[in-house]
Amino acid sequence: MPELPEVETTRRGIAPHITNRTVTKVTVRDPRLRWPVPRRLSQELAGVKITAVGRRGKYLLLETENGTAILHLGMSGSLRIVDSKQPVGKHDHVDIVFDNNRILRLTDPRRFGTLLWTRRPPKQHKLLRDLGPEPLGPDFTGAYLHARSRGRKVAIKNFIMNGHTVVGIGNIYASEALYMAGIHPKRAAGRISRKKYQLLAEVVREVLNDAIAMGGTSLRDFVNSDGKPGYFRLELNVYGKGGEPCISCRTLIREIRQGQRATFYCPECQR
DNA sequence: AGAGGTACCTGGCAGC
DNA sequence: TGCTGCCAGGTACCTC
């Protein structure tokens, strides 16, 4: 479900409610996420203060003085700030309760999400250690993409969706960015010019920033921490628009599969 | 090393 | 109304 803009929207939504608040209790109703929620999470978090809510790629980091909770929303996860009167739903797997009687509630129907605990600096954690640069940070440049892709035969769409290349670009924004840059999604990553990569890096930043400004994209069930949807869906150019005319040239948008994921592109504008 | 496929899980929807 | 099959915003891990 969430790509980087949705995760960042979530981070911004929850941070003011829980930063500098102390956890009073953690209720794990169902520990069966992608990996089991560690039993010690409750003891580790209880009584400690959240010092910051960080993000690395699509991982959210609830930082404390004792360690860090590493949280990922997977395909269908969401976090909401609720109070204790809020009825518990079927997929409300974890509650982190705070001293201001607010609850950070993790909902995740498909349970592809992650909630782990580490005492070490989170960047050293196995899941975060080898991640590529942040797309909105200074290390993500056309020169970087160009250098990194030399000799690679992988399709450009798969290349930019790989978290070891760059974090945060999921299936929606990969199609959108390639459309904006005029790059065919099946082009071999190693056969794209430095100049095209410069454009690609720019449009990736643009599309992610715009989506964050709109509160993310809601396709089916994404809601932010207030339970409201995002509105970036209205801005999508190609994603989910197979068979519709390209807004630029009127050629019909094509839908193909790449690695069992849907890809949308304009065969005229993208080469 | 790189490329590509598989697995994890539930729910919604189209088609019969 | 049911049933079946397919699809869904992610990514670690496996094999070749």
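So you know, we letter chains A, B, ... as the sequences are listed, proteins then strands, and number each from 1.
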Filter on side-chain hydrogen bond (donor to acceptor under 3.5 Å, both in side chains), then keep only pairs touching residues 183-194 of chain A, sequence neighbours left out; what's left? none

Does A/Y59 place a side-chain N or O at less than 4.0 Å from the phosphate oxygens OP1/OP2 of C/dG10? no

If you measure only the distance, is there a donor-acceptor pair under 3.5 Å linking the side chains of A/T263 and A/K157? yes

Got A/Q270 and A/P185 here, is their nearest side-chain heavy-atom distance under 4.5 Å? yes

Just checking, is any N or O donor in the side chain of A/D99 or A/T24 under 3.5 Å from an acceptor N or O on the other one? no

If you count every heavy atom of other residues, nucleotides or ligands that lies below 6.0 Å from A/R40 atom CZ, does the total exceed 12? yes

Grab the CZ-C1' distance between A/R261 and C/dA12 for me, whole Å please. 14 Å

Check which hydrophobic residues are tied to A/I103 through side-chain heavy-atom contacts below 4.5 Å, counting indirect links as well, and list them. A/V82, A/V97

Using heavy atoms and a sub-4.0 Å distance, could you list which residues of residues 180-189 of chain A are near DNA chain C? By number, please. none

For DNA chain B, which ranges pair as stems of 3 or more consecutive Watson-Crick or G-U pairs, with both donor-acceptor distances under 3.5 Å? B:2-8 with C:10-16, B:10-16 with C:2-8

Give, ordered by number, those residues of residues 115-127 of chain A having at least one heavy-atom distance below 4.0 Å to an atom of DNA chain C; if nothing qualifies, reply none. A/K126, A/L127

When the distance from CG of A/N171 to C1' of C/dG10 is rounded to whole Å, what number comes out? 10 Å

If a protein heavy atom is under 4.0 Å from the base, mark B; if only from the sugar-phosphate, S; if neither, -; do that for nucleotides 8-14 of chain B going 5' to 3'. BBBS---

Under 3.5 Å, side chain of A/E6 to main-chain N/O of A/E3, donor-acceptor pair present? yes

A/E63-A/T51 side chain donor-acceptor pair, cut-off 3.5 Å: no

What's the gap between B/dG5 and C/dC7 when it is taken at their P atoms, as a whole Å value? 15 Å

For A/L131, which fellow cluster members are found when Ile, Leu, Val, Met, Phe, Trp and Tyr are connected by side-chain heavy-atom distances below 4.5 angstrom, either directly or through intermediates? A/W35, A/Y59, A/L61, A/I70, A/L116, A/L127, A/L128, A/V167

Mind checking if A/F159 touches a base, just sugar-phosphate, or nothing, with heavy atoms under 4.0 Å? nothing

So which protein N/O to nucleotides 14-16 of chain C N/O distances come out below 3.5 Å?
none

State whether the number of non-hydrogen atoms from other residues, nucleotides or ligands found under 6.0 Å of A/N101 atom CG is greater than 12. no

Using atom C1' of each nucleotide, how far apart are C/dG9 and B/dA3 to the nearest Å? 24 Å

Give me, pair by pair, the N or O atoms of the protein and of nucleotides 2-6 of chain B that are less than 3.5 Å apart, along with how far apart they are.
unit_1 : atom_1 : unit_2 : atom_2 : d
B/dA3  : OP1    : A/K153 : N      : 2.4
B/dA3  : OP1    : A/V154 : N      : 3.1
B/dA3  : OP2    : A/R152 : NE     : 2.5
B/dA3  : OP2    : A/R152 : NH2    : 2.8

With heavy-atom distances below 4.5 Å as the criterion, would you say the side chains of A/Q86 and A/R105 are in contact? yes

Cationic N near anionic O, under 4.0 Å, A/R80 to A/D92: no

Nearest-Å distance for atom pair CG/P, residues A/L60 and C/dG10: 14 Å

Side-chain contact, heavy-atom cut-off 4.5 Å: A/V203 with A/L178? no

Evaluate the side-chain proximity of A/V48 to A/E65: yes if any heavy-atom separation is below 4.5 Å, no if none is. no

Would you say A/L145 ends up clustered with A/M161 if hydrophobic residues are merged whenever their side chains have heavy atoms under 4.5 Å apart, either directly or through other cluster members? no

Round to the nearest Å and state the distance from A/L128 atom CG to C/dG10 atom C1'. 15 Å

Please report, rounded to the nearest Å, how far the C1' atom of C/dG10 is from the NZ atom of A/K58. 6 Å

Does A/Y179 have any ring pair (Phe, Tyr, Trp, His ring centres under 6.0 Å) partners at least two apart in sequence or in another chain, and if so, which? none

Kindly write out the residues that satisfy side chain to side chain donor-acceptor pair (under 3.5 Å) with A/R56, not counting sequence neighbours, or none if the list is empty. A/E134

Side-chain contact, heavy-atom cut-off 4.5 Å: A/E8 with A/I212? yes

What's in the same ILVMFWY side-chain cluster as A/I256, cut-off under 4.5 Å, chained through other members? A/Y265

